Every structure is written in C-alpha cells, then in structure tokens.
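Scroll down for the structure; my scribbles are underneath it.
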There are 2 protein chains.
Amino acid sequence: MRSEQVEPTEQACNQALVAVRDSLYVIGGKWKLPIIIALVQANGPVRFRELQRLLETITPKVLSKELKDLELNEFITRTVYDTTPVTVEYQVTDYSKTLGNVLFELREWGMQHRTRLKAATRARREKASAQ
Amino acid sequence: MRSEQVEPTEQACNQALVAVRDSLYVIGGKWKLPIIIALVQANGPVRFRELQRLLETITPKVLSKELKDLELNEFITRTVYDTTPVTVEYQVTDYSKTLGNVLFELREWGMQHRTRLKAATRARREKASAQ
DNA sequence: GATAGCAGTATCCCAAAGGATATCGGTATC
DNA sequence: GATACCGATATCCTTTGGGATACTGCTATC
C-alpha cells in the first residue's frame, strides 16, 4: 500500500506537509526526546527535580515548559499528590509508544545517511589527494 | 524485527538519539520540504528564479542557503550551464526518494495525532458545558 | 533558627533562524 | 540608453528557542 506511486496533487501534498510538520513539531526541539527517553528508562514515575537531575543540564524554566507541551500532546501524565509541599510525578503514557514507527524510521534513515555522507567526503578527499 | 522490545541501554539510546536528530535536522526548518516538494512536482529541472516563484514567499538569501544544504545532503543536484549570464538548474536526486518511509510515517502519525487531539479537546469542551 | 529540599515562576540575556531590502555584473528588450 | 531579467550575495532587522540567575511558599532537618 505504501509503495504505490500516484501523481500527487498539490492539495494532497499540502495536507501531507501539514501532517509531517505537526509530527516534526511535537518531537522537535532540544529536549522533547531526551525527556521522553529519561522517563522511559526510569520505568516508573519521576518527580520534577529528579528529572532535572537525570537530564543534567536542563534549566527548570525549560523543563517546566517542555513538560507542559508533552502533557498537552498526551505523551506524559502529570500527577499531583496532596502532600505539603506538593509532590508531582511525571510518567510516559502508552500513547507515546505510537511514536515507535516514526522514531524507528528516523533512526534508520539517520544512521544510513551518516555513513553515506562519510563515504562521500572520504571519496572526495581521496580524489583530491590523487590529483 | 522492529517490534522486539529489548531493554535499551543508555549507550544505544544515545546513539539512536543522534541518528534521529540527524534526520530531523536535514528535513527540518521552514523550507526544506517545500523546496523538495516543488522540485518533485516540477518533474524536471528548475532554475533559481523559477523556484523562488514557485515557493512564492521565500527570499533569495534563504533559498540560496537552503539549496546549498540540500545539495550537501545529496537531495538535489545543481547544474551550471556555461551561458552568459549563467543558467543554473536544480533537480531532485534518486537519493531523496529514500526519505519515502520516513515521510510516510511522519505523515501518518501527524494525521492520526491531529484527529486525536481534536477529539480530546471536543471531549473536554462537552464535559465543561455539561457541568 | 539557619539550611536544604520541593515544584516550579519571573526576569533578563544570547544566539540562531529567517525576513526585508538593496545590490552585483552581465545580457536581452523596448 | 533606460528597463527588466538572471543567480545570487550583503546588510540590517525581528522572532524564537533556550540558558542564567534569582526567587517564591512550604517543610523537614541540623
């Protein structure tokens, strides 16, 4: 199904472009994926400060903003416990696993591309020094 | 193969993250995909000014920079004809087609995500007005 | 009663991405 | 001989993403 090649209309292309951009937006930026990875690796709920420690160099302002975005996109849940002072726990959702295929393809293509470019620059260097 | 769930080491995660980021970088930004799409739809070589016209609102500085990036990543070729003044033609490469799967997944996920979020906000609205 | 931890927020600052506008040397057109 | 087109480049400007630092109200610990 995915390999069929129809002539794409401009309409369809624009719709596709919007969808692709949506995806790029929600996983883009410096911290979205590192946060998700940290939460996955924690394999359980993680509190705000602990998350900050796991990510080492993130500032609280940025962490706070990114967590809000991730929550809006339903990649994580935020649970507030009525202690004093409050305890807040973050956790990845099952929905975040739907990113699996996307991330798989991005990773595969990225690895392939890196080796390809490396080979290309090596070839250029050798050609240059052979002259 | 792609569905096997092994406990990911931090090492492997970091490598994967780098690869994913590589991919996001080469197709990210405001104009990379629109330029590729325009060249694909043109179905043949396109000159600089013509490309600028097709993209409507891109400035020559940005177009020039993006084309250089795309050429470095081997998504397009740049051919200079020795006329006076010079004629320059841009064309998509076969290699750019290797993005197919990545773009397919990004599009599918993006569409699905949009309808999901729409449903979620509708549900919230109805719940709010029912109170 | 000073100190440290919690979950953030507020303010200021910097660098990168991208846009606006002008310009280049050359030629074809009016 | 003025004008417009070609493929860009140069300069200046704004917006955005993100970092640095300080601070809040509250509590448990020394």
Side-chain angles (χ1 to χ4, degrees), chain A residues 17 20-39 42 44-73 75-92, chain B residues 17 20-39 42 44-73 75-92:
Chain A
L17 183 57
V20 169
R21 273 219 251 261
D22 282 352
S23 298
L24 291 180
Y25 188 76
V26 300
I27 62 174
K30 183 170 176 181
W31 291 108
K32 296 267 156 58
L33 290 176
I35 290 172
I36 291 176
I37 290 171
L39 287 175
V46 182
R47 297 169 65 177
F48 187 89
R49 297 287 339 261
E50 178 62 11
L51 198 45
Q52 194 183 340
R53 247 174 259 119
L54 290 173
L55 295 166
E56 298 183 357
T57 59
I58 196 171
T59 63
K61 188 191 83 171
V62 173
L63 178 56
S64 169
K65 189 239 173 196
E66 296 294 72
L67 288 171
K68 278 175 191 161
D69 286 357
L70 291 172
E71 198 192 352
L72 262 179
N73 285 311
F75 291 153
I76 64 171
T77 57
R78 178 178 183 269
T79 315
V80 181
Y81 293 97
D82 191 14
T83 57
T84 42
V86 288
T87 305
V88 180
E89 285 184 349
Y90 295 92
Q91 225 171 327
V92 284
Chain B
L17 184 56
V20 170
R21 275 218 251 260
D22 283 352
S23 299
L24 291 180
Y25 188 76
V26 299
I27 62 173
K30 184 169 177 181
W31 292 107
K32 296 266 156 56
L33 290 176
I35 290 172
I36 292 176
I37 291 172
L39 288 176
V46 182
R47 298 170 64 179
F48 188 88
R49 298 287 341 257
E50 177 62 11
L51 199 44
Q52 194 183 341
R53 247 175 258 117
L54 290 173
L55 295 165
E56 299 184 355
T57 60
I58 197 170
T59 63
K61 188 192 82 172
V62 174
L63 178 56
S64 170
K65 190 238 172 198
E66 296 293 73
L67 288 171
K68 278 175 190 158
D69 286 356
L70 291 172
E71 198 192 353
L72 263 179
N73 285 311
F75 291 153
I76 65 170
T77 57
R78 177 179 185 267
T79 315
V80 181
Y81 294 97
D82 191 13
T83 56
T84 42
V86 288
T87 305
V88 180
E89 285 183 348
Y90 295 93
Q91 225 170 330
V92 284

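Below, read A as the first sequence line, B as the second, and so on, with proteins coming before strands; counting in each chain starts at 1. Not measured: the values here are computed from a predicted model.
For the pair B/K65 NZ and C/dA16 C1', the computed distance is 9 Å after rounding to whole Å. Atoms CZ (A/R53) and C1' (C/dA4) sit 12 Å apart, rounded to a whole Å. Straight-line distance from the CG atom of B/L33 to the P atom of C/dG18: 12 Å, rounded to whole Å. Look at CD1 on A/I58: it is 15 Å from P on C/dA7, rounded to the nearest Å. Atom CD in A/E66 sits roughly 14 Å away from atom P in C/dT9 (whole-Å rounding). Regarding A/K30, its NZ atom lies at a distance of 13 Å from the C1' atom of D/dA20, rounded to whole Å. In this structure, CD1 of A/I35 is placed 13 Å from P of C/dG8, rounded to the nearest angstrom.
The residue from B/I76, B/L72, B/V62 that alone fulfils the side chain to side chain contact (heavy atoms under 4.5 Å, CB included) condition with B/L67 is B/I76.
Across the interface with DNA chain C, nearest-nucleotide mapping of A/L67 and A/P85 shows A/P85 to be the residue nearer the 5′ end. Judged by closest nucleotide on DNA chain D, B/R78 is the one of B/R78 and A/T59 placed further toward the 5' end.
For B/K61 and C/dG19, a side-chain-to-base donor-acceptor distance below 3.5 Å is present, hydrogens and geometry of angles not being considered.
Checking side-chain atoms of A/R78 against main-chain N and O of A/Q91 turns up no donor-acceptor pair under 3.5 Å.
Within 4.0 Å of A/Y81, counting heavy atoms only, lies no atom of the nucleic acid at all.
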Requested in this report: Might you work through the salt bridge (Lys or Arg N to Asp or Glu O under 4.0 Å) test for A/E50 and A/R47, ending with a clear yes or no?
Outcome: CA-CA 5 Å; A/E50 178 62 11; A/R47 297 169 65 177; over 6 Å; no
